[in-house]
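As C-alpha cells, the structure follows; a few thoughts come after it.
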There are 2 protein chains.
Amino acid sequence: MRKDVRESTALDDMICFQLYAASRGMTAIYRPLLDPHGLTYPQYLVLRVLWHDGPTTVRDLGHTLRLDSGTLSPLLKRLETQGHLRRERQTHDERVVTVHLTATGVALREQIGDLTRQLVCATGLTLDELAQLNHLLSRARGTATLPPKG
Amino acid sequence: MRKDVRESTALDDMICFQLYAASRGMTAIYRPLLDPHGLTYPQYLVLRVLWHDGPTTVRDLGHTLRLDSGTLSPLLKRLETQGHLRRERQTHDERVVTVHLTATGVALREQIGDLTRQLVCATGLTLDELAQLNHLLSRARGTATLPPKG
DNA sequence: CGCAATTCAGTTGTGCACAACCGACCAGTG
DNA sequence: CACTGGTCGGTTGTGCACAACTGAATTGCG
C-alpha cells in the first residue's frame, strides 16, 4: 500500500535512511535493557569507555565517542549526580577535567552484565552478517576516518 | 595511545556504536548540503516522501519514517512556517491531518538537486560495498521488520 | 440510540546532538 | 613582565527523538 523511502531513488539515499532508522532502532532495543539502571545509551557508552580504559578526560571521551563538550558536559553532570563518576580539574592544567568512576560506577558493570546475547538476538542477523556489517561500517568515512570536524 | 571502543568487547556492541557513529556522521555530511536551503536531515526526509508519494497524512509519514507524532508535529509546523507545505484537517475524519506541498515546496526539489554523487563520494565506499551495506541494514530487525513498538 | 474502546494529532518533559560563543588557562615571544 | 595565539570545558539556543499524557473524533457493540 504505502510506498517506502527505500523504493524512491538512489542507493546512497536509501542507505542514509537505513542508517538513520537502524541507529534509532538500535537505541530502542537498548532502552528497555538500560532503563532499569537509569541509563541512556549515550550514558552507557561513556561508562563502557571508563570501564575499559579507566580514568580519562572530557577531551579524550569526546575523541573516542566523537561527541563534543556541548553534548558531554551535561551528560557527565547527570552521571555525576547519579553517583556513577566524579569530575575533577587537573591541578597542573586547570583547563582539563578528568573523569573517573566511583565504586558504584564500577559496580554497575556487573549489575548490567552482558547485553551481548540479547542484542544479537534482537538484530536477527547471523554472526557472519554482523561481521560483514561491522567491516563495512568501519570502512566508511564518518565513522573510522572522518570525525565531524575532519 | 587511547584505546577505542571498537577494541573493547563483543561484535554486536561494536556494531551498535558503529551504527550510532555512522548515523551521526552521515547527518554531518548532509548538514552543509541542506543548510543553505534552511533544512535539517529529518526535514529533508519528510520532503522526500512528499516529493515521491504526493500528499499524505501525519500517520503515514510516521509509519514510513518510523517517527511518532511527538517528533513530526513540531517538525511539520516548522516546514509549514517556512512555506514548504500545508496541513489540513480532513473534513470527513477530523482526527486526520493531511500534509501536502506548496508550490515552493515542490520547487525546492529542483533547487536542492541530486545529492547522490556528493554523498557517495563522502562515504568513501564503492558501489558494491554500498549495496552490501544496504542489504545487511534492510535485513536487520529494527529497520525493516521491527519498528520501535513491534 | 448510548457508551466503551480505539484512533488520531498534539502537548509536555527529558535527554541527546551540535553550532556558536565564552572565559579561563597555558605556552611562547619579545 | 605584557602580549598573542591556541587549547580546554562550559553555556546557550535550536532541533530532533521518544515516553507519557490529553482530548477530540470515530467506530463498534449492545
Side-chain angles (χ1 to χ4, degrees), chain A residues 17 20-32 34-36 38-46 56-63 65-82 87-99 142 147-150, chain B residues 17 20-32 34-36 38-46 56-63 65-82 87-99 142 147-150:
Chain A
F17 174 70
Y20 166 74
S23 177
R24 287 188 293 117
M26 181 269 298
T27 65
I29 294 173
Y30 266 105
R31 195 170 297 117
L34 295 176
D35 214 44
L39 295 176
T40 64
Y41 179 66
Q43 291 170 6
Y44 174 67
L45 283 182
V46 167
T56 181
T57 66
V58 175
R59 179 180 165 280
D60 283 345
L61 270 176
H63 279 108
L65 299 176
R66 308 186 193 290
L67 293 170
D68 67 359
S69 63
T71 301
L72 284 175
S73 283
L75 189 154
L76 291 172
K77 199 175 292 181
R78 282 185 284 271
L79 284 177
E80 189 176 31
T81 301
Q82 292 194 295
R87 295 174 300 152
E88 284 170 4
R89 294 266 170 198
Q90 273 185 9
T91 52
H92 60 283
D93 187 346
E94 295 197 358
R95 293 170 304 179
V96 179
V97 170
T98 59
V99 179
K149 278 293 191 180
Chain B
F17 174 70
Y20 167 75
S23 178
R24 286 188 294 117
M26 180 270 297
T27 66
I29 294 172
Y30 266 105
R31 196 169 297 117
L34 295 176
D35 213 44
L39 295 176
T40 65
Y41 180 65
Q43 290 171 7
Y44 174 67
L45 283 181
V46 166
T56 181
T57 65
V58 175
R59 178 179 165 280
D60 283 345
L61 271 176
H63 279 107
L65 299 176
R66 309 188 191 286
L67 293 169
D68 68 358
S69 63
T71 300
L72 284 175
S73 283
L75 189 154
L76 292 172
K77 199 174 291 182
R78 281 185 284 271
L79 284 177
E80 189 176 32
T81 301
Q82 291 195 296
R87 295 174 300 150
E88 283 170 4
R89 295 265 170 201
Q90 274 186 11
T91 53
H92 61 285
D93 186 345
E94 294 197 357
R95 294 171 303 178
V96 179
V97 170
T98 58
V99 180
K149 279 293 193 181

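Note on naming: letters A, B, ... go to the chains in the order of the sequence lines (proteins, then strands), and numbering restarts at 1 for each one. Values reported hereafter were calculated over all heavy atoms of this structure, with side chains retained and with hydrogens, waters and symmetry mates removed. As the structure is a prediction and not an experimental result, all values here were calculated from the model.
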Contacts of B:Q82 that satisfy side chain to side chain contact (heavy atoms under 4.5 Å, CB included) - sequence neighbours left out: B:L39, B:Q43, B:L79, B:H84

For B:T71, all residues meeting side chain to side chain contact (heavy atoms under 4.5 Å, CB included), sequence neighbours excluded: B:L67, B:D68

Within-4.5 Å side-chain heavy-atom neighbours: B:Y20 and A:M26: yes

Between P of D:dG15 and CG of B:L45, the distance in whole Å: 17 Å

Out of C:dC18, D:dC8, C:dG15, whichever nucleotide has its closest atom nearest the side chain of A:Q43: C:dG15

Beyond-backbone contact of B:P74 with B:R78, side-chain heavy atoms, under 4.5 angstrom: yes

Nearest-Å distance for atom pair CG/C1', residues B:L34 and C:dA19: 16 Å

Rounded distance in Å - CG (A:L39) to C1' (C:dC16): 14 Å

Distance, rounded to the nearest Å, where A:R78 contributes CZ and C:dA17 contributes P: 10 Å

Spacing of A:D35 atom CG relative to D:dA17 atom P, expressed in whole Å: 19 Å

Spacing between A:L75 atom CG and C:dT14 atom P, to the nearest angstrom: 16 Å

Report each atom pair, protein N/O against N/O of nucleotides 10-12 of chain D, whose distance is under 3.5 angstrom.
from	atom 1	to	atom 2	distance (Å)
D:dG10	OP1	A:R87	NH1	2.9
D:dG10	OP2	A:S73	OG	2.8
D:dG10	N7	A:S69	OG	2.8
D:dT11	OP2	A:K77	NZ	3.0

Protein-nucleotide distance (B:L67, atom CG; D:dG15, atom P), rounded to Å: 16 Å

Measure all distances between protein nitrogen or oxygen atoms and nitrogen or oxygen atoms of nucleotides 1-3 of chain C, and list the pairs falling under 3.5 Å.
none

Of the listed nucleotides D:dC8, C:dA9, D:dC16, the one nearest the side chain of A:R59: D:dC8

Candidates C:dC16, D:dA19, D:dG9 - which lies nearest the side chain of A:V96: D:dG9

Gap between atoms CG and P, on B:L61 and D:dA17 respectively (whole Å): 14 Å

Nucleotide-resolved protein contact map, nucleotides 21-26 of chain C, B/S/- at heavy-atom distance under 4.0 Å: ----BS

Test ring-ring contact (aromatic ring centres under 6.0 Å, His included) applied to B:Y44 - qualifying residues, sequence neighbours left out: B:Y30

A:Y20 vs D:dA17: side-chain N/O to OP1/OP2 distance below 4.0 Å: yes

Salt bridge (charged side-chain N to carboxylate O under 4.0 Å, His left out) involving A:R87 - partner list, sequence neighbours excluded: A:E80

Beyond-backbone contact of B:T40 with B:D35, side-chain heavy atoms, under 4.5 angstrom: no

B:T98: side chain to side chain donor-acceptor pair (under 3.5 Å) partners, not counting sequence neighbours: none

For A:R89, side chain to side chain contact (heavy atoms under 4.5 Å, CB included) partners two or more places apart: A:V97

Any residue meeting side chain to side chain donor-acceptor pair (under 3.5 Å) with A:Q90, in chain and number order, not counting sequence neighbours: A:H92

Nucleotide nearest A:D68 (side chain, heavy atoms from C-beta), chosen from C:dC18, D:dC18, C:dA9: C:dC18

Euclidean distance, B:L34 CG relative to B:Y41 OH, rounded to 0.5 Å: 9.0 Å

Residues in side chain to side chain contact (heavy atoms under 4.5 Å, CB included) contact with B:R95, at least two apart in sequence or another chain: B:D93

